[in-house]
Enquirer: 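Have a look at this one before I ask anything.
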There are 2 protein chains.
Amino acid sequence: MKDGKNVTSLDLALACGVSQGTVDRALNDRPGIKPETKRRILEQAEVMGFRLNLSASSLATGRNRLIGLVLFDLENRFFAQMANCVTRSARQAGYHVQLMLTGKDPIEEQYCLDQLAGRRVDGVILCTVQKGEAFVRRLREARIPVVLTGNRIPDETIGQTDPERSIGKDAFPFVGIDDFRAMHDAICEVLARGYRRLVFLAPSLSRAGKGNLYAQEQRLAGARSAFSEFGLPAGSFRLLDRKPSEKLMNACIPGPEPDTVLVCSSDLYALDMLHLFTKRGFQLPRDLGLLGFDNLDILRYVSPRPATVDIPMNDLGDAAVRMLLESIGGRTPESLYLPHAMIPGETLR
Amino acid sequence: MKDGKNVTSLDLALACGVSQGTVDRALNDRPGIKPETKRRILEQAEVMGFRLNLSASSLATGRNRLIGLVLFDLENRFFAQMANCVTRSARQAGYHVQLMLTGKDPIEEQYCLDQLAGRRVDGVILCTVQKGEAFVRRLREARIPVVLTGNRIPDETIGQTDPERSIGKDAFPFVGIDDFRAMHDAICEVLARGYRRLVFLAPSLSRAGKGNLYAQEQRLAGARSAFSEFGLPAGSFRLLDRKPSEKLMNACIPGPEPDTVLVCSSDLYALDMLHLFTKRGFQLPRDLGLLGFDNLDILRYVSPRPATVDIPMNDLGDAAVRMLLESIGGRTPESLYLPHAMIPGETLR
DNA sequence: CTGAAAGCGCTAACAA
DNA sequence: TTGTTAGCGCTTTCAG
């Protein structure tokens, strides 16, 4: 990729004996050009291997036809599905997607956002781990349309996260499910099956204070709320914030009891725990109930199939793109909450 | 994102009472600037919310610090792992990754490549479905360093794919495993366990002729080769090129026989088939042997755990980045073949 | 150590 | 229908 510079629109113009303006008209289907001339130019462009320089184009127009998609990682199939869906959806609208991974690190996330802002992308779909006034201000200053997913950022004027339900205004348009309601409803179904003790596994909550854990917090709150509605003693609700491991299994559920249900804030944890229990010779749901969250598509290969809560990923991806385009168009879309659904699976009695 | 234009380096210069050149020196750690001046400028930049316009920068320098990663999709965890790994690895080298998904569609793929070329990315890691002289020429004309993964493109001068082993020159540096050898070795291990009939499932092969199926073809060839080495009749080797389905299961393995092994060219198919057989009440490996390929990380949640062939994804991602950087640096890296390994799992007797 | 000026390649408004 | 021209924002000589 050394020698021989790239062919520019000027080279092309010269070669065709026309002006750059005419070349531009030919290349961009702009009106006011003789079909014959256009044909000649396009042909020559092909011959010379002309490639539009998008940086220059973007610089000149201020537009990009590019949107940024910022996610944690792709370990979780959840995000992979999202990426697929958003890419497809955006493409249909004539946009490209630049996917960036943050690994849940605020520093990395900011880096990604700066990069996207620097590239003057037309908009960003963001799954953030940040929150707070400073972050919101900075994001606003970037003057880039943003749609949030995963974690909301309630508008500061509304005050803190209110565990007792009150979906208020958002600092940025959000699309996702109502995590509180989703977990609440799922737990109600679980408890209706007779479970009386609940272990709630949510490793990420240990990062509390350090980042935006809105969705996780809401799920926990939803579970607690449902638990108390069933009149069960708070002491029977146990919260664990460690990653799945043998030790954790031992320490916290010494002998699985049939009236205990293990609730995991993510299917990934549920799968790990299921794996551990099975290896240890326990049988689900005989010895223990299990509920995950996300309805990862890989669950269908697992036996017994974990109970979980479905998030309509495809609709979510489509909606995110639609909302972002709206926002790019100058309107401010309302936050959108999609329907969730509990899926019983085979790990509940 | 309407009103209020973005702050430019000129605005910044004016505000600081210096020239654009000086601002540039401050912003890019270039020598020849008084520390005091630099400090003042950086401070002011912060205050004014200055953001470097990367399009302009890229236009002026011709560089980008951006590499493209072109993959099929993220349905397959295989690619998700790859994306994670490449992103991490590239970031460490100071590069950003633009991930683009092709859905295995040659048209889409070309679209992605054109887009990346237009953006003048510094290099591309590509998993292609294309091949042939025209494609190679076009890719070369883009004058962008390329590293291939997944499917090789043997140099045309070498001639057609030779099923009988001869890893020759590549049109572009390639990194991956030796698919022929990997499958060959795995099948040898399988046959050594006493299987005498083999069903090879590779849906993608039906696209033959339409695209680059190098890896798939090699795997098939490797299997055939091993099969014949064991002196088994060619008639006992059955190739299926349909997607997993009930019908396929019925049609092709009416009653599983204990001396039959089902070999899938991808773990995804293996999982689907396992699922179907299990649902139908068959037990593996009692009724049938099963071998997948890729060693997807989700296998560990599945029981019985499918036998498979491991590809060292992380090493592969790292190597791809390393090779690409080498290529960007002007050298031409050699193709690299990483070690594979058969993993017996629990679906072989 | 700093300023001035000429591009990078493309677009858009205005002339012709 | 086509040409001309003035930027877009940053980098990079070359003077000062």
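This is a predicted model, so every value here is computed, not measured. Just so we're on the same page: letters track the sequence lines, and every chain starts at 1.
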Enquirer: In whole angstrom, give the distance that lies between atom CG of A/Leu10 and atom P of D/dG3.
Expert: 12 Å
Enquirer: Please give, in whole Å, the distance from D/dT13 C1' to B/Gln20 CD?
Expert: 14 Å
Enquirer: For A/Asp29 and C/dT11, give me the distance from atom CG to atom P, rounded to whole Å.
Expert: 12 Å
Enquirer: Without decimals, in angstroms, what is the distance between A/Ile33 CD1 and C/dA12 P?
Expert: 15 Å
Enquirer: Taking atom C1' of D/dG9 as reference, at what distance in whole Å does atom CG of B/Asn64 sit?
Expert: 15 Å
Enquirer: Please classify the nucleic acid contact of A/Leu59 as base, sugar-phosphate, or nothing, using heavy-atom distances under 4.0 Å.
Expert: base
Enquirer: Go through the side-chain N and O atoms of A/Asp318 and A/Ser89 and say whether any donor and acceptor fall under 3.5 Å apart.
Expert: yes
Enquirer: Would you call B/Arg63 and B/Asp122 a salt bridge, using N to O less than 4.0 angstrom?
Expert: no
Enquirer: Could you tell me how far apart A/Asn28 (CG) and C/dC10 (C1') are, to the nearest whole angstrom?
Expert: 9 Å
Enquirer: Nearest whole angstrom, please: distance from the P of C/dG7 to the CG of B/Asp24.
Expert: 18 Å
Enquirer: Would you state whether a donor and an acceptor, one from the side chain of B/Arg25 and one from the base of C/dG3, lie under 3.5 Å apart?
Expert: yes
Enquirer: Determine, for A/Arg39 against A/Glu36, whether the closest basic-nitrogen to carboxylate-oxygen distance falls under 4.0 angstrom.
Expert: yes
Enquirer: Is there a donor-acceptor contact under 3.5 Å from the side chain of B/Asp155 to the main chain of B/Lys169?
Expert: no
